[in-house]
Visitor: 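Here it is, the structure in full.
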Amino acid sequence: MVGRRISDEQLVEIIEAAIFVAGKPLSKRHLKETVLGDLSVSMTRINLALEQIQIHYQTRGIRLVEVGSGFRFQACASLAPWLNNLWQERAPKYSRALLETLSLIAYRQPITRGEIEQVRGVTVGSGIIKSLLEREWIHVVGHKEVPGRPALYATTKQFLDYFSLTGLENLPPLPEQQQSKIDRLLSDPSVRELSE
């Protein structure tokens, strides 16, 4: 069955409205299979429509941005001082231990809790891992083939979305000194993997 044809202007309007009302990022594939499912629209046209929408919003208070799981509208970061007044509650404060754990998972995934502890030099509280799992910023991607079979953790698309990243390659690079220190700690044979 051949889908209905629509103009470029209609395509822009449909995609813009779909992303606006979705409440979560929409991927190009998801747009094509759902909202545009009964229409004759190529991926090239979808890409062009998304580019047009991005250009249209460049000078506005909101932007169309691509994050890990698709496209979404978000307010310009420069407007945060005014927009923060809309919410009574303050943004959560994350502990240094949680941020260090999350950073190690993001940069060295997949990684075990024991390896995180090896680098940090202290025990990772179960509350930290639980909190990251509940926020859906990390998930278990398997188990390491060592005694105890500890869980291997990696980041999720929700992590990318929350930090407005399209992929892990968009993380800021680690300083060379930090990278070599982590490599040295993780390769130290005197430290054995702890079971979970």
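Only a predicted model underlies this, so the values are computations on that prediction, with no experimental measurement involved.
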Visitor: Indicate yes or no for a side-chain donor-acceptor contact from Gln118 to the backbone of Leu185 under 3.5 Å, with no hydrogens or angles considered.
Guide: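 Yes: the side chain of Gln118 pairs with the backbone of Leu185.
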
Visitor: Transitively linked via ILVMFWY side-chain contacts under 4.5 Å: Leu11 with Ile55?
Guide: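 No, because Leu11 and Ile55 fall into different hydrophobic clusters, even though each may have its own neighbours under 4.5 Å.
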
Visitor: Hey, what do you get for CG (Leu36) to CD1 (Ile15), rounding to the nearest 0.5 Å?
Guide: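 So the CG of Leu36 and the CD1 of Ile15 are separated by 5.0 Å.
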
Visitor: Starting from Leu132, can I reach Val119 by hopping between I/L/V/M/F/W/Y residues whose side chains sit under 4.5 Å apart?
Guide: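 Hydrophobic grouping puts Val119 with Leu132.
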
Visitor: Within this structure, what is the OG1-CZ distance for the pair Thr155 and Phe163, rounded to the nearest 0.5 Å?
Guide: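 These two atoms lie 10.5 Å from each other.
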
Visitor: Any idea which heavy atoms bring Val124 and Glu117 closest together, and the distance?
Guide: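 Between these two residues, the closest heavy atoms are N-OE2, 3.0 Å.
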
Visitor: Are Lys157 and Glu136 within salt-bridge range, i.e. N to O under 4.0 Å?
Guide: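 Salt bridge: no.
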
Visitor: For Lys130 and Glu134, what are the C-alpha separation, side-chain angles and deciding distance, and is it a side chain to side chain contact (heavy atoms under 4.5 Å, CB included)?
Guide: CA-CA 6 Å; Lys130 182 180 178 194; Glu134 286 174 354; 2.9 Å; yes

Visitor: Nearest 0.5 Å, what's the CG-CZ distance between Leu174 and Arg108?
Guide: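 Taking CG in Leu174 and CZ in Arg108, the distance rounds to 8.5 Å.
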
Visitor: Could you tell me whether Glu169 atom CD has more than 12 heavy atoms of other residues or ligands within 6.0 Å of it?
Guide: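 Check passes, neighbour count above 12.
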
Visitor: To check you understand the geometry: which heavy-atom pair defines the closest contact between Thr123 and Arg120, and what is its length?
Guide: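 Closest approach of Thr123 to Arg120, heavy atoms only: O-NH1, 4.2 Å.
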
Visitor: If every non-hydrogen atom of Ile129 is compared with every non-hydrogen atom of Tyr153, which pair is closest and at what distance?
Guide: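 In this case the closest contact between Ile129 and Tyr153 is CG2-OH, 3.6 Å.
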
Visitor: Supply the atom-to-atom distance Glu16 CD to Leu50 CG, rounded to the nearest 0.5 angstrom.
Guide: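 Atom-to-atom, Glu16:CD and Leu50:CG are 10.5 Å apart.
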
Visitor: Below 4.5 Å, heavy atoms only, C-beta onward: do Glu115 and Thr112 meet side chain to side chain?
Guide: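 In contact.
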
Visitor: For Leu98 and Arg135: C-alpha separation, side-chain torsions, deciding distance, then whether side chain to side chain contact (heavy atoms under 4.5 Å, CB included) applies.
Guide: CA-CA 12 Å; Leu98 184 137; Arg135 284 189 174 96; 3.9 Å; yes

Visitor: Establish whether Phe73 and Leu83 are linked, either directly or via other cluster members, by ILVMFWY side-chain heavy-atom contacts under 4.5 Å.
Guide: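 No: no chain of side-chain contacts under 4.5 Å links Phe73 to Leu83.
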
Visitor: Say whether, by atom type as modelled, one donor and one acceptor occur between the side chain of Gln178 and the main chain of Pro175 under 3.5 angstrom.
Guide: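 Answer holds: no.
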
Visitor: Hydrophobic cluster membership, with links at side-chain heavy-atom distances under 4.5 Å among I/L/V/M/F/W/Y: are Ile62 and Trp82 in one?
Guide: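 Different clusters: Ile62 never reaches Trp82 through Ile, Leu, Val, Met, Phe, Trp or Tyr contacts under 4.5 Å.
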
Visitor: So do Leu48 and Asp8 actually touch side chain to side chain, heavy atoms under 4.5 Å?
Guide: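 Asp8 vs Leu48: side chains apart.
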
Visitor: To the nearest 0.5 angstrom, please state how far the CD1 atom of Ile105 sits from the CD1 atom of Ile138.
Guide: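 Output value for this atom pair is 4.0 Å.
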
Visitor: Does Cys76 reach the side chain of Arg63, with side-chain heavy atoms less than 4.5 Å apart?
Guide: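 Of all side-chain heavy-atom pairs linking Arg63 with Cys76, at least one is under 4.5 Å.
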
Visitor: With side chains defined as the heavy atoms from C-beta onward, is the minimum distance between Tyr107 and Leu171 less than 4.5 Å?
Guide: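 Answer yes - side chains close enough.
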
Visitor: Taking all atoms of both residues into account, what is the closest heavy-atom pair of Gly125 and Arg113, and its distance?
Guide: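 What the structure gives for the nearest pair is C-NH2, 3.7 Å.
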
Visitor: Between Tyr162 and Trp137, how do the two ring planes meet: parallel, tilted or perpendicular, split at 30° and 60°?
Guide: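 Geometry flag for Trp137 against Tyr162: tilted rings.
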
Visitor: Could you check whether any side-chain heavy atom of Ile14 comes within less than 4.5 Å of a side-chain heavy atom of Leu39, counting everything from C-beta outward?
Guide: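 Sidechains of Leu39 and Ile14: in contact.
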
Visitor: For Arg4, is there any backbone N or O sitting under 3.5 Å from a side-chain donor or acceptor partner on Asp38?
Guide: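 Checking the backbone N and O of Arg4 against the side chain of Asp38, no donor-acceptor pair under 3.5 Å is found.
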
Visitor: Quick check on the hydrophobic clustering: are Leu104 and Leu133 connected, directly or via other members, by side-chain heavy-atom contacts under 4.5 Å?
Guide: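 Same cluster: Leu104 reaches Leu133 through Ile, Leu, Val, Met, Phe, Trp or Tyr contacts under 4.5 Å.
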
Visitor: Can you find a heavy atom in the side chain of Ile116 that is under 4.5 Å from one in the side chain of Ile111?
Guide: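 Yes, side chains in contact.
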
Visitor: For Thr101, enumerate each residue passing the side-chain hydrogen bond (donor to acceptor under 3.5 Å, both in side chains) test, keeping only those at least two apart in sequence or located in another chain.
Guide: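 Thr101 satisfies side-chain hydrogen bond (donor to acceptor under 3.5 Å, both in side chains) with no residue once adjacent residues are dropped.
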
Visitor: A side-chain contact here means heavy atoms from C-beta on lying under 4.5 Å apart; do Thr156 and Asp161 qualify?
Guide: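 Answer no - side chains too far apart.
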
Visitor: For Arg184, check side-chain hydrogen bond (donor to acceptor under 3.5 Å, both in side chains) against everything at least two apart and list the hits.
Guide: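 Scan of Arg184 (side-chain hydrogen bond (donor to acceptor under 3.5 Å, both in side chains), adjacent residues dropped) gives none.
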
Visitor: Tell me, please, which residues at least two apart from Arg72 pass side-chain hydrogen bond (donor to acceptor under 3.5 Å, both in side chains).
Guide: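 With sequence neighbours excluded, Arg72 shows a side-chain hydrogen bond (donor to acceptor under 3.5 Å, both in side chains) to Gln74, Ser164, given in chain and number order.
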
Visitor: Is the closest side-chain heavy-atom distance between Phe71 and Lys28 below 4.5 Å?
Guide: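 A side-chain contact exists here, since the closest heavy-atom pair is under 4.5 Å.
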
Visitor: Counting heavy atoms not belonging to Tyr94, are there more than 12 under 6.0 Å from its OH?
Guide: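 Above 12, so yes.
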
Visitor: Answer yes or no: are there more than 12 heavy-atom neighbours, outside Arg60 itself, under 6.0 Å from its atom CZ?
Guide: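 12 or below, so no.
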
Visitor: So which atom in Gly167 and which in Leu160 form the shortest heavy-atom distance, rounded to 0.1 Å?
Guide: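 Looking at all heavy atoms of both residues, the closest pair is C-CD2, 3.9 Å.
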
Visitor: Provide the closest heavy-atom pair for Pro25 versus Val67 in the form atom of the first, atom of the second, distance.
Guide: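 For Pro25 versus Val67, the nearest heavy atoms are CG-CG2, 3.7 Å.
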
Visitor: Would you give the length of the straight line joining atom NE2 of His30 to atom NZ of Lys32, rounded to the nearest 0.5 angstrom?
Guide: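 One finds 14.0 Å between NE2 of His30 and NZ of Lys32.
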
